[in-house]
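Worksheet: one structure, shown below.
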Amino acid sequence: MASNESPLLDSTILNIRDLNLFYGQAQALSSINLAIPRKKVTAFIGPSGCGKSTLLRCLNRMNDLIDIVRVAGSITLDGEEINSPAMDVINLRRRVGMVFQQSNPFPKSIYENVIFGLRIAGINNKGTLDETVERSLRGAAIWDEVKDRLHESALGLSGGQAQRICIARAIAVNPEVILMDEPCSALDPIATAKIEELIHELKKLFTVVIVTHNMQQAARVSDCTAFLYMGELIEFNETRKIFTNPDNAQTEDYITGRFG
Amino acid sequence: MKHFWLRGEPQVIATAAALGITLLLTLTLVIVVLVNGMGFFWPAGVARAVLKDGTVIAGEITAREMGQPPRLQFKVGNRDLYGQDFRWVDRAEITSLSYPSDLIVLERKEHGNFYGFTKTVSVDGEQAAAGGDPAQRLDAAWEQVAGKSKTASSLDKQVSDLTYQAERIRQQMTRLSHDDRQGNTATIAALKGRLDGTLARIDGLAEQQNGEATELRRATVTVADASGTGKEIPIADIVRIYRPNSMTVWAKTMYYLERLRELLFDEPRESNTEGGLFPAIFGTVMMVLLMTLFSLPFGVIAAVYLREYAQEGFLVRMVRIAVNNLAGVPSIVYGVFGLGFFVYGIGSGMDRLFYPERLPTPTFGTGGILWSSLTLALLTVPVIIVATEESLAAIPKGIREGSLSLGATKFQTLTRLLLPMATPGIMTGMILSMARAAGEVAPLMLVGVVKLAPSLPLDMRFPYFHMDRKFMHLGFHIYDVGFQSPNVEAAKPMVYVTTLLLLAIVIAASSSAIYLRTIMKKRYTTRTF
């Protein structure tokens, strides 16, 4: 099943149409059609290797980094074609930020980590930077924990803290969309709860797309859920609907834990 | 028994033994060099031995042989009298052995040390009227002469400055006449006038110098060797006077420090077997630094391209294999290449283009510090490429992705994150390459190292860096002094000292680099948990 209408009937920010993706000869995604709603949390679920991370990485063209990947089809961000050669990838990635599975703080101070995106954009005004650091760290719910050691190395933080620094770093450049690739899979339950809480806050300002293979997490944090299996989009609907009354038998099997 | 092997203990023991042997070999080498090198400057007692046949000899005992019959080696010095510095004496031949406190050692500018006794001090053959102890008078006379020779050396400097000026004027003249244009004639004539003036001043100074030298050589000391043979030595020829048998430990320490100072900061004498090593130390350090200046940026850029930009494929793999194999090419091959490519190829080309007036005298078309550094840079660049590539590869993928996902370009990622993070690894490569370059001799012999360089490649004269100049090198010095000098036996301690110095330079360079690397590592350590 595929739908190009956002299930919530909200305005669509990212519209994926007939997306096919190949790793060399192997097809990883086939004919994906998906409309991601603005300022909502959309979750991609599915068993390992189903293509959910690959799909997520299409949204800011991180797949460009892998030489053998070939993409066909269209993804639009507010009506602009992402895959077109005219699209400025640098600009796209500023608009579509990303948080990774393994927290990846840079070997710099917490302060420099957060403003990395601004520095590379050539913004060096101290006032702007200070303001951004506080806004982003507050936005990532870590301000109180690190405000006294902003100039210490970010490598000394715990896993959960480091992941929130990475979120702060992503929101510092004011993106429209934040992609999260299994952001909690390396964290303990308490840190996970904090991030989930944070995701609730983030959706007030940003569109969030999250990949997770923790179905409870998808149920807790997302507004819409897409179930992928073997590179195909099986079902996409409101989270409530997917988890209570899925249209597709495969989806039901997966969420009830009968396979996957 | 099977169980014994399975537990893996013999393997552990084998690895430990391998490590132990390596350490032991290194330690032995270092200790041998240390003992022989450090002890050389300590003033050993000078023995006076009376032999059965009535001859008397005096000298330092430098070796004892326990064979049959047991023998002693004396360094008897007085090369001008005996023709050689060393003498083997059977233990049984010696009837008495003593250490007379008035035995004197004169370190001379020529002919090595003199061992013997002071007789008289005289000026122009006339004995000084004042009586007293000849030893004290010798010391006083020597102090006086040493003071005067200081002013003589300032004359030396003036002469060499003027000679340099004259040389520049001459070059200007040849350049102008080479250009062969009308109107140059007048300028050339003017230059000719200046040149003549300068030459006249040089002549004047040289005359003054000669006069002073003769004046200095008027004071002489008459000494006698152990058997009583007299010898008159101009005091100006004496570098140092000491009486090892009557020196206190304090005096010996001062003497030791003075010799060390001479070693580090003075020019060599007596075909490099005596005096200091300053030009060689300077040449080695400068050559290594220049080499790093060439090879480091080049290697890092090449590695960055290979690892970050080049499309992984057959060609890149071939390049990588080629780079790795470059490290295995015998270094003399690099020397031959450097000679053919840099010296005869580029150097001669440069001469034809920029210094045609000096031809056929080559400027860059002959070995020099520039070509030596470049040749060694070629030799060591693979090490830096491999080290840089490895350390770039070791950076977690997340760092690159994180940076790119924030809208950084590849180049920004490289300069702001990857290169700083790779710095400790790059520095490891640099340390290895510097150590290799400092110890390399064979290729340098073809492209610019000489036994004795008249001037340093860096001085106060425009253009300050003289890249075309030949230079001295500690490694070559070891080879030259140890195996090419006319008096190998006397030069042996110098070989140890030079080796020690080379080791010390390498250790100093790598320790400072390692210290820097530790700081860097602390800053960029990736968290582990």
Side-chain angles (χ1 to χ4, degrees), chain A residues 56-57 59-68 88-109 112-122 153-162 165-166 169-175 178-181 186 188, chain B residues 304-317 319-320 388 390-428 516-529:
Chain A
L56 189 77
R57 293 164 68 94
L59 302 181
N60 65 349
R61 282 183 51 185
M62 284 303 269
N63 285 326
D64 288 10
L65 305 182
I66 305 162
D67 293 332
I68 53 166
D88 175 10
V89 183
I90 303 294
N91 192 29
L92 169 70
R93 289 181 187 152
R94 280 183 199 291
R95 293 169 66 188
V96 184
M98 190 159 188
V99 177
F100 297 85
Q101 181 172 5
Q102 204 72 51
S103 66
N104 53 357
F106 301 143
K108 291 171 176 282
S109 69
E112 285 295 327
N113 258 281
V114 175
I115 58 167
F116 187 83
L118 276 70
R119 285 254 195 244
I120 55 177
S153 169
L155 298 182
L157 297 170
S158 74
Q161 286 175 328
I165 291 292
C166 294
R169 192 170 70 189
I171 63 184
V173 289
N174 253 326
I178 300 175
L179 310 177
M180 295 190 173
D181 191 355
D188 63 64
Chain B
V304 161
Y305 184 78
L306 269 181
R307 174 61 59 181
E308 301 293 325
Y309 290 99
Q311 191 123 42
E312 203 60 42
F314 180 72
L315 192 67
V316 167
R317 273 208 305 280
V319 169
R320 203 166 278 145
T388 309
E390 292 297 322
S391 50
L392 282 176
I395 295 172
K397 202 177 75 176
I399 297 289
R400 281 165 235 261
E401 289 192 330
S403 169
L404 293 173
S405 76
L406 288 166
T409 59
K410 223 167 170 176
F411 187 71
Q412 283 172 326
T413 309
L414 194 69
T415 51
R416 282 166 192 259
L417 291 170
L418 302 185
L419 280 182
M421 288 178 80
T423 314
I426 296 173
M427 290 192 71
T428 309
L516 271 178
R517 187 179 64 182
T518 322
I519 296 177
M520 296 270 185
K521 255 192 191 152
K522 262 189 209 138
R523 255 170 80 190
Y524 298 115
T525 311
T526 324
R527 186 179 28 145
T528 44
F529 57 101

| note | Output for pair (M421(B) CE, K108(A) NZ), nearest 0.5 Å, gives 10.0 Å
| request: Examine whether an atom of V96(A) lies under 4.5 Å from a heavy atom of chain B, and if so say whether it belongs to the side chain, the backbone or both; otherwise answer neither. | output: backbone
| query | chain B heavy atoms under 4.5 Å from R119(A): which part of the residue, side chain, backbone, both or neither? | reply | both
| message | Measuring from atom CD of Q412(B) to atom CZ of F116(A), what distance do you get when rounded to the nearest 0.5 angstrom? | response | 7.0 Å
| field | Region of E401(B) that comes under 4.5 Å of a non-hydrogen atom in chain A | value | both
| field | Y309(B), OH atom: more than 12 neighbouring heavy atoms under 6.0 Å | value | yes
| task | To the nearest 0.5 Å, tell me how far L65(A) CG sits from K410(B) NZ. | result | 7.5 Å
| message | What part of L417(B) gets within 4.5 angstrom of chain A, counting heavy atoms only: side chain, backbone, both, or neither? | response | side chain
| task | Write down the atom of I120(A), the atom of L406(B), and the distance for their closest heavy-atom approach. | result | CD1-O, 3.7 Å
| field | Residue selection (most heavy-atom pairs with chain B, distance under 4.5 Å) from R93(A), M98(A), R94(A) | value | R93(A)
| query | Taking C-beta and beyond as the side chain, do I399(B) and P107(A) meet within less than 4.5 Å on heavy atoms? | reply | yes
| message | Does any backbone or side-chain atom of F106(A) lie under 4.5 Å from a heavy atom of chain B? Answer side chain, backbone, both or neither. | response | both
| For E312(B), what residues pass the salt bridge (charged side-chain N to carboxylate O under 4.0 Å, His left out) criterion, not counting sequence neighbours? | R320(B)
| request: Would you mind checking which part of R61(A) comes under 4.5 Å of any heavy atom in chain B, side chain (CB onward), backbone (N, CA, C, O), both or neither? | output: neither
| field | T413(B) versus chain A, the contacting section by heavy-atom distance below 4.5 Å | value | neither
| query | When only pairs under 4.5 Å are counted, which of A408(B), S405(B), G398(B) shares the most heavy-atom pairs with chain A? | reply | S405(B)
